[in-house]
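Notes follow the structure.
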There are 2 protein chains.
Amino acid sequence: MQDLEKILENNNVKPTAMRLLVLQFLLDKKVAISLTDVENYFDKSDRTTLYRTLQTFVKSELAHKIEDGTGIPKYALCEENCHCEIDNDLHLHFRCTNCNETVCITDYKIPTISLPKGYIAEDVNLVVKGICDKCSHN
Amino acid sequence: MQDLEKILENNNVKPTAMRLLVLQFLLDKKVAISLTDVENYFDKSDRTTLYRTLQTFVKSELAHKIEDGTGIPKYALCEENCHCEIDNDLHLHFRCTNCNETVCITDYKIPTISLPKGYIAEDVNLVVKGICDKCSHN
DNA sequence: ATGAAGAATGCAACGGAAGTGCATTAATTA
DNA sequence: TAATTAATGCACTTCCGTTGCATTCTTCAT
């Protein structure tokens, strides 16, 4: 549990109460989380604080922001030693159209993308939509 | 110019004035277009009509809808004989962080994605962010 | 040709979510 | 302990997508 504090401090984020709670929440939930998800979970807290907490996590490379095609940004904790670098850390995201959850498929890295001349890639975002493991078994 | 009517009719869309104009606009613009883009261009027309026009185009497989990571849906005309099918028609999209334009890179198809057991892919969305051809030359 | 049915359009309003400014509170440090 | 900085909470704005409903236009059968 004090691990949480260390995680934050390792990323130069001051461990406030709210940040610890949000971090815990992200750790528990195995899926990518929207601001609204967090807001609903922490009933008493202010949306703006949560909003900025997530921003802080992303900026300090503790979490990454996911655009899963819904238009609603989702957040998930980075893997160990992740710097969200192209060619190294980019994995794909899977959004289930049944349960509507988005998960990181970290075991499957994104293949190298070839681009026409003149195009410079800085970030790659790959979202697969379909039926997830859980839902395909029911 | 009457070609436009044929395009619509081939896709079972009645060629109304507004639809012809929007189709023309999509043809002219080489980049993916948001609802707001269309709205700004056709100053006199109603947002809802344009909204529904785009929906109609997507439903009739005349255009495809693009989530480019901005959260704002974009639209672009499909290629000839496109049915937006996985494995056949899916191409990648490139969003330039400089000019903020999103283009279809139709020449580069999306490589086959391998997924963990139990996951069923229905749609794949690949967005590369970076500097586009135009902007990298300046 | 005319009236009825259906499709397209236009207007107004709603709702969700991101984002910002500013005052307040908490924490840090000199 | 005072002063500076960071974090939080509240109110408000803005932006878009979306929907409901009334109105106009089109089509088609009588």
Side-chain angles (χ1 to χ4, degrees), chain A residues 4-5 7-9 11-26 32-60 62-76 95 100-102 125, chain B residues 4-5 7-9 11-26 32-60 62-76 95 97 100 102 125:
Chain A
L4 289 178
E5 296 205 19
I7 293 175
L8 290 179
E9 278 163 0
N11 289 64
N12 295 313
V13 176
K14 283 182 200 163
T16 68
M18 203 64 244
R19 285 171 181 171
L20 288 168
L21 288 170
V22 173
L23 179 57
Q24 182 70 67
F25 182 62
L26 283 171
I33 299 290
S34 72
L35 172 57
T36 304
D37 291 334
V38 189
E39 197 190 0
N40 290 338
Y41 186 76
F42 298 106
D43 219 30
K44 297 298 166 198
S45 180
D46 182 66
R47 181 181 185 80
T48 312
T49 305
L50 299 171
Y51 172 72
R52 287 195 264 236
T53 299
L54 292 172
Q55 305 265 336
T56 303
F57 284 6
V58 171
K59 217 172 275 170
S60 54
L62 226 142
H64 62 277
K65 185 179 175 181
I66 304 164
E67 296 287 351
D68 65 356
T70 61
I72 296 167
K74 305 268 165 65
Y75 302 86
R95 181 159 76 86
N100 215 26
E101 281 184 348
T102 297
N125 192 14
Chain B
L4 289 179
E5 295 205 19
I7 294 175
L8 290 179
E9 279 164 1
N11 288 63
N12 294 314
V13 176
K14 282 183 201 163
T16 68
M18 205 62 245
R19 287 173 179 168
L20 288 167
L21 288 171
V22 173
L23 178 59
Q24 180 71 66
F25 182 63
L26 283 172
I33 298 290
S34 73
L35 172 57
T36 304
D37 291 334
V38 190
E39 198 189 0
N40 290 338
Y41 187 76
F42 296 106
D43 220 28
K44 294 301 168 196
S45 182
D46 181 66
R47 181 181 183 78
T48 313
T49 305
L50 298 171
Y51 171 72
R52 288 197 264 238
T53 299
L54 291 172
Q55 303 265 339
T56 302
F57 283 6
V58 172
K59 216 171 277 170
S60 54
L62 225 141
H64 63 278
K65 186 179 174 178
I66 304 164
E67 296 286 352
D68 65 357
T70 61
I72 297 166
K74 305 270 165 66
Y75 302 87
R95 181 158 75 87
T97 52
N100 215 25
T102 297
N125 193 13

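Across the protein-nucleic acid pair, A:Lys74 atom NZ and C:dG16 atom P stand 16 Å apart, rounded to whole Å. Per the geometry, CG belonging to A:Leu21 stands 11 Å off P belonging to D:dT8, to the nearest Å.
Regarding contacts with the backbone of C:dA18, a side-chain N or O of A:Arg47 is found under 4.0 angstrom from either OP1 or OP2. A sub-4.0 Å separation between OP1 or OP2 of C:dA18 and a side-chain N or O of A:Gln55 is absent. Between A:Thr16 and D:dT8 there is a side-chain N or O to OP1 or OP2 distance below 4.0 Å. In this structure, A:Tyr51 does not reach the C:dA18 phosphate: none of its side-chain N or O atoms is under 4.0 Å from OP1 or OP2.
Few gaps surround CZ on B:Phe42; more than 12 heavy atoms of other groups in view lie less than 6.0 Å from it.
Nearer the 5' end of DNA chain C, as judged by each residue's closest nucleotide, is the contact made by B:Val13, out of B:Val13 and B:Lys44.
Closest approach of A:Phe25 to A:Ile33, counting heavy atoms only: CE2-CG2, 3.7 Å. The nearest pair of heavy atoms linking B:Arg95 to B:Asp68 is NE-O, 3.2 Å. In this structure, B:Leu62 and B:Asn11 approach most closely via the heavy-atom pair CD1-CB, 3.6 Å. The minimum heavy-atom distance between A:Gly71 and A:Pro73, with the atom names listed, is O-CD, 3.5 Å. Nearest approach of A:Arg19 to A:Lys14, heavy atoms of both residues: NH1-O, 3.0 Å.
The B:Thr48 side chain lies nearest to C:dC11 when the options are C:dC11, D:dT8, C:dA8. Considering only the side chain of A:Ile72, C:dA18 comes nearest among C:dG10, C:dT9, C:dA18.
At the heavy-atom level, B:Ser34 lies nowhere under 4.0 Å from the strands shown.
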Could you list the protein-to-nucleotides 21-28 of chain D atom pairs, N/O on both sides, closer than 3.5 Å?
none

